[in-house]
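Predicted, not measured: the structure shown is a model, and the values here were computed from it. All residue numbers in this chain count up from 1 along the given sequence.
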Amino acid sequence: MLGTDIAAALPELRRESESLLVDTCRIERAVGGTLDPVTHQSVTAWDEVWSGPCRAKVRTEGQSAVVAAEPVSVLRVEVSLAVTAPAPHVGNRITITIAVNDPALQDMQTFVVGAPVGSQTVLRRVMTEKAQESDR
């Protein structure tokens, strides 16, 4: 049976896929906020949910917008995690804390917009977005 063969192969396929997770990420959830007395801006407080190996890939597609008269683009970033990592929730923040092969990813913060799960996945591919302001 094909289902039985796939189930038997999944542990090895997951080990092979997880060997590609050479970066480190931190997943956080918002736990409230405070008002900055100087800027009078709301500051979100974050609580760490999980930290561990990951891989991030910036997708070429994105959206452009104008926010407060400033052009921004929204980057879509796929963050891969081991299936054993907890599934993040929409709105969670993911920070790339160690980027081994691309220094441009170091300290990048993205926000979860979708966290699909599946019964025969080898990696958890989390869809995130990051607003990027223009450099002008």
Side-chain angles (χ1 to χ4, degrees):
M1 285 265 151
L2 183 59
T4 306
D5 292 342
I6 291 172
L10 270 176
E12 178 63 23
L13 293 171
R14 286 179 175 159
R15 276 191 298 280
E16 293 291 327
S17 295
E18 289 170 12
S19 72
L20 300 172
L21 304 179
V22 297
D23 299 326
T24 303
C25 297
R26 180 178 59 239
I27 301 174
E28 299 167 296
R29 65 181 174 90
V31 292
T34 59
L35 187 64
D36 185 303
V38 176
T39 65
H40 301 289
Q41 298 287 327
S42 177
V43 178
T44 304
W46 296 91
D47 189 27
E48 185 174 304
V49 174
W50 177 86
S51 180
C54 69
R55 177 180 67 189
K57 185 184 301 184
V58 176
R59 295 296 185 182
T60 56
E61 72 268 8
Q63 299 174 346
S64 296
V66 177
V67 177
E70 291 293 323
V72 297
S73 64
V74 177
L75 296 178
R76 296 180 192 271
V77 182
E78 179 182 280
V79 178
S80 297
L81 308 170
V83 175
T84 55
H89 298 281
V90 171
N92 284 169
R93 179 171 73 181
I94 297 181
T95 304
I96 312 298
T97 56
I98 298 173
V100 173
N101 296 313
D102 187 351
L105 292 171
Q106 186 77 33
D107 298 322
M108 179 184 280
Q109 292 184 336
T110 64
F111 294 87
V112 176
V113 295
V117 295
S119 59
Q120 295 176 336
T121 58
V122 294
L123 288 176
R124 188 178 309 285
R125 290 180 175 87
V126 180
M127 296 314 302
T128 70
E129 291 183 345
K130 173 192 181 350
Q132 185 172 5
E133 297 176 13
S134 71
D135 185 23
R136 61 176 182 138

A.B. asks: Does L20 sit in a hydrophobic cluster with other residues, and if so which ones, taking ILVMFWY side chains as linked at heavy-atom separations under 4.5 Å, directly or through other members?
C.D. replies: none
A.B. asks: Are T110 and V126 close enough that some pair of their side-chain heavy atoms sits under 4.5 Å apart?
C.D. replies: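 No; the side chains remain at least 4.5 Å from each other.
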A.B. asks: Is there a chain of hydrophobic side chains (I, L, V, M, F, W, Y, each step under 4.5 Å between heavy atoms) that links I27 to I96?
C.D. replies: yes
A.B. asks: Could you name each residue pair satisfying salt bridge (charged side-chain N to carboxylate O under 4.0 Å, His left out) that touches residues 77-88, not counting sequence neighbours?
C.D. replies: R59-E78, E78-R125
A.B. asks: Looking at T24, is its backbone amide N or carbonyl O close enough to the side chain of T97 to form a donor-acceptor pair, meaning the two atoms are under 3.5 Å apart?
C.D. replies: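 Judged by distance alone, yes, a pair lies under 3.5 Å.
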A.B. asks: Say whether, by atom type as modelled, one donor and one acceptor occur between the side chain of R124 and the main chain of V83 under 3.5 angstrom.
C.D. replies: yes
A.B. asks: Assigning hydrophobic clusters by single linkage (Ile, Leu, Val, Met, Phe, Trp, Tyr; side-chain heavy-atom cutoff under 4.5 Å), is W50 placed with L21?
C.D. replies: no
A.B. asks: Could you note down all residue pairs passing salt bridge (charged side-chain N to carboxylate O under 4.0 Å, His left out) where residues 96-118 supplies at least one of them, sequence neighbours left out?
C.D. replies: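 Passing the test, one end in residues 96-118: no pairs.
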A.B. asks: With hydrophobic residues grouped by side-chain heavy-atom distances under 4.5 Å, do V90 and F111 end up in a single group?
C.D. replies: no
A.B. asks: Which value, rounded to the nearest 0.5 Å, describes the distance between L123 atom CG and S80 atom OG?
C.D. replies: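 One finds 5.0 Å between CG of L123 and OG of S80.
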A.B. asks: Do L75 and V79 share a hydrophobic cluster, counting only Ile, Leu, Val, Met, Phe, Trp and Tyr and linking them when any side-chain heavy atoms are less than 4.5 Å apart?
C.D. replies: yes
A.B. asks: Looking at E129 and V77, would you say the former's side chain and the latter's main chain have a donor-acceptor pair under 3.5 Å?
C.D. replies: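 Between the backbone of V77 and the side chain of E129 there is no qualifying donor-acceptor contact (under 3.5 Å).
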A.B. asks: Without placing hydrogens or testing angles, list every side-chain donor-acceptor pair under 3.5 Å for residues 2-14, not counting sequence neighbours.
C.D. replies:
{"from": "E12", "atom 1": "OE1", "to": "R15", "atom 2": "NE", "distance (Å)": "3.4"}
{"from": "E12", "atom 1": "OE1", "to": "R15", "atom 2": "NH2", "distance (Å)": "2.9"}
{"from": "R14", "atom 1": "NE", "to": "T121", "atom 2": "O", "distance (Å)": "2.8"}
{"from": "R14", "atom 1": "NH2", "to": "T121", "atom 2": "O", "distance (Å)": "2.9"}

A.B. asks: Filter on salt bridge (charged side-chain N to carboxylate O under 4.0 Å, His left out), then keep only pairs touching residues 23-40, sequence neighbours left out; what's left?
C.D. replies: R26-E28, E28-R93, R29-D47
A.B. asks: Strictly by disulfide (SG to SG under 2.5 Å), give each pair with a member in residues 11-41 just once, sequence neighbours left out.
C.D. replies: C25-C54
A.B. asks: Do V122 and L81 land in one hydrophobic cluster if side-chain heavy atoms of ILVMFWY residues count as linked below 4.5 Å?
C.D. replies: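 V122 does not cluster with L81.
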